[in-house]
Number of protein chains: 2
Amino acid sequence: MTASQTTDLLRQHGLRPTRQRIALASLLFDGHPRHVTAESLKEQVKASGIKLSLATIYNTLHQFTAAGLLKEIKGISDVTWFDTNINSHHHFLDTSNNHLIDIPASSITITNLPKTPAGKVINGVEVIVRLTDG
Amino acid sequence: MTASQTTDLLRQHGLRPTRQRIALASLLFDGHPRHVTAESLKEQVKASGIKLSLATIYNTLHQFTAAGLLKEIKGISDVTWFDTNINSHHHFLDTSNNHLIDIPASSITITNLPKTPAGKVINGVEVIVRLTDG
DNA sequence: TATTTTATTTAAAACCATTCTAATCTACTT
DNA sequence: AAGTAGATTAGAATGGTTTTAAATAAAATA
């Protein structure tokens, strides 16, 4: 994605195209699905010679999430993941190396789910398949 | 559960029946399914007039888990839950009040799961159904 | 373009659930 | 009863994440 395309993408989502956001967006939205944590992204940023603070990485990840560009995956393992695949889907969690692998939503069929408690509405169904070496 | 039954339970699992463990075990294993966090348990303990440290609550919850008396549920919401239901099962997470509700394993059928990655073994499948008010 | 306004970035401090430390205490063994 | 291995504890440390408040940069206005 060119810098100008990245700029457009940011503007389309109401985000000012700052140097930092452009750098992060071009790392993240290269067309390949990507799972990042704040720390892993910080290392990628560092490896590409860009300098920006960890606070900005957190801010930006949350802003991208609010804008619908990322999906936040809390609670799998101890750190928060951000996924460029914003469609509903599930995950393998490889606990031996703490990596996530996408499982398409279509790959899993859930039947016989009990009745939703009164006054409540289902907001999402998440399946985590934990893997170990073996 | 009487104190002597609690003592037996602890001994059967290789745990010394200390005052603290007996107190926690009798709160937890009253026959009703229970979801606790370290903090929620601390408050129950406090309410029953027992005095013990938060470190002991954490220690004990982990020891009970290691002994197979509890199941640890990491990653749903920001805190670690401990569940007296040690059978394989799933959860509703009511995000409006951060409560968990059990879903029996038999209530959910998963089909079409993709092939497990080479060299890996499935260690558990966890389904989280997020609820909101509405 | 210069100026003003508003949003963004940042380093450092704060936060908070959880774990660790190391001193004290308690249950079990002999 | 004495010894020892295990348990408890207060308080410090940890680590991912958030907040703060000051500096900077982008957009709007003149």
Side-chain angles (χ1 to χ4, degrees), chain A residues 3-4 6-27 35-46 50-67 69-70 72-82 93 98 100, chain B residues 3-4 6-27 35-46 50-67 69-70 72-82 93 98 100:
Chain A
S4 117
T6 307
T7 297
D8 290 349
L9 179 73
L10 292 171
R11 275 202 231 275
Q12 279 158 26
H13 289 85
L15 295 167
R16 286 190 182 177
T18 63
R19 177 177 67 77
Q20 292 86 344
R21 286 184 182 145
I22 291 168
L24 293 175
S26 31
L27 278 176
H35 299 109
V36 300
T37 64
E39 279 300 325
S40 78
L41 190 53
K42 190 181 85 172
E43 287 178 24
Q44 289 177 56
V45 161
K46 202 174 171 184
I50 304 160
K51 188 163 164 299
L52 47 81
S53 76
L54 186 57
T56 297
I57 292 179
Y58 276 105
N59 288 341
T60 305
L61 287 171
H62 288 139
Q63 290 152 358
F64 285 5
T65 301
L69 291 166
L70 291 175
E72 186 174 0
I73 308 170
K74 276 191 102 131
I76 295 187
S77 77
D78 290 327
V79 290
T80 300
W81 289 90
F82 293 85
L93 169 63
N98 211 37
L100 288 182
Chain B
S4 116
T6 307
T7 297
D8 290 348
L9 178 74
L10 291 171
R11 274 203 232 276
Q12 280 158 23
H13 289 86
L15 296 167
R16 288 191 180 176
T18 63
R19 177 178 66 78
Q20 293 86 342
R21 286 182 183 149
I22 292 168
L24 292 175
S26 31
L27 278 177
H35 299 109
V36 299
T37 64
E39 279 298 326
S40 78
L41 190 53
K42 192 181 85 173
E43 287 178 22
Q44 289 176 57
V45 161
K46 202 174 173 187
I50 304 158
K51 189 164 163 300
L52 46 80
S53 75
L54 185 56
T56 297
I57 292 180
Y58 275 104
N59 289 342
T60 305
L61 287 171
H62 288 140
Q63 290 153 358
F64 285 4
T65 300
L69 291 167
L70 290 176
E72 186 175 2
I73 308 170
K74 277 191 102 131
I76 295 188
S77 74
D78 291 327
V79 292
T80 300
W81 289 89
F82 294 86
L93 168 63
N98 211 37
L100 289 180

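Letters go in sequence order (proteins before strands), and every chain restarts at 1. All figures in this text were calculated on a predicted structure; none of them were measured in a lab.
- For the 3.5 Å distance criterion, the side chains of A:Thr7 and A:Ser4 fail to qualify, holding no donor opposite an acceptor.
- The distance between atom CG of A:Leu41 and atom P of D:dG16, rounded to the nearest whole Å, is 15 Å.
- Residue B:Phe64 contributes atom CZ, which lies 14 Å from atom C1' of D:dT8 at whole-angstrom precision.
- Under 4.0 angstrom from either OP1 or OP2 of D:dT9 there lies at least one side-chain N or O belonging to B:Ser53.
- The backbone N or O of A:Pro17 sits nowhere less than 3.5 Å from a side-chain atom of A:Arg11 that would complete a donor-acceptor pair.
- A sub-4.0 Å separation between OP1 or OP2 of D:dA25 and a side-chain N or O of A:Gln20 is absent.
- A sub-4.0 Å separation between OP1 or OP2 of D:dA7 and a side-chain N or O of B:Gln63 is absent.
- Atom CD1 in B:Ile57 sits roughly 11 Å away from atom P in D:dA10 (whole-Å rounding).
- Atom CG of A:Asp78 is separated from atom OG1 of A:Thr37 by 12.0 Å, given to the nearest 0.5 angstrom.
- Between A:Leu69 and A:Leu9, the closest side-chain pair of non-hydrogen atoms falls below 4.5 Å.
- The ring-ring contact (aromatic ring centres under 6.0 Å, His included) test applied to B:His13 returns no partner, not counting sequence neighbours.
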task = If a protein heavy atom is under 4.0 Å from the base, mark B; if only from the sugar-phosphate, S; if neither, -; do that for nucleotides 15-30 of chain C going 5' to 3'.
result = --SBBB------BS--
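- Summarising the geometry, the separation between CG on A:Leu61 and C1' on C:dT8 is reported as 15 Å, rounded to the nearest angstrom.
- A salt bridge does not link B:Lys46 to B:Glu43: none of the charged nitrogens lies less than 4.0 Å from a carboxylate oxygen.
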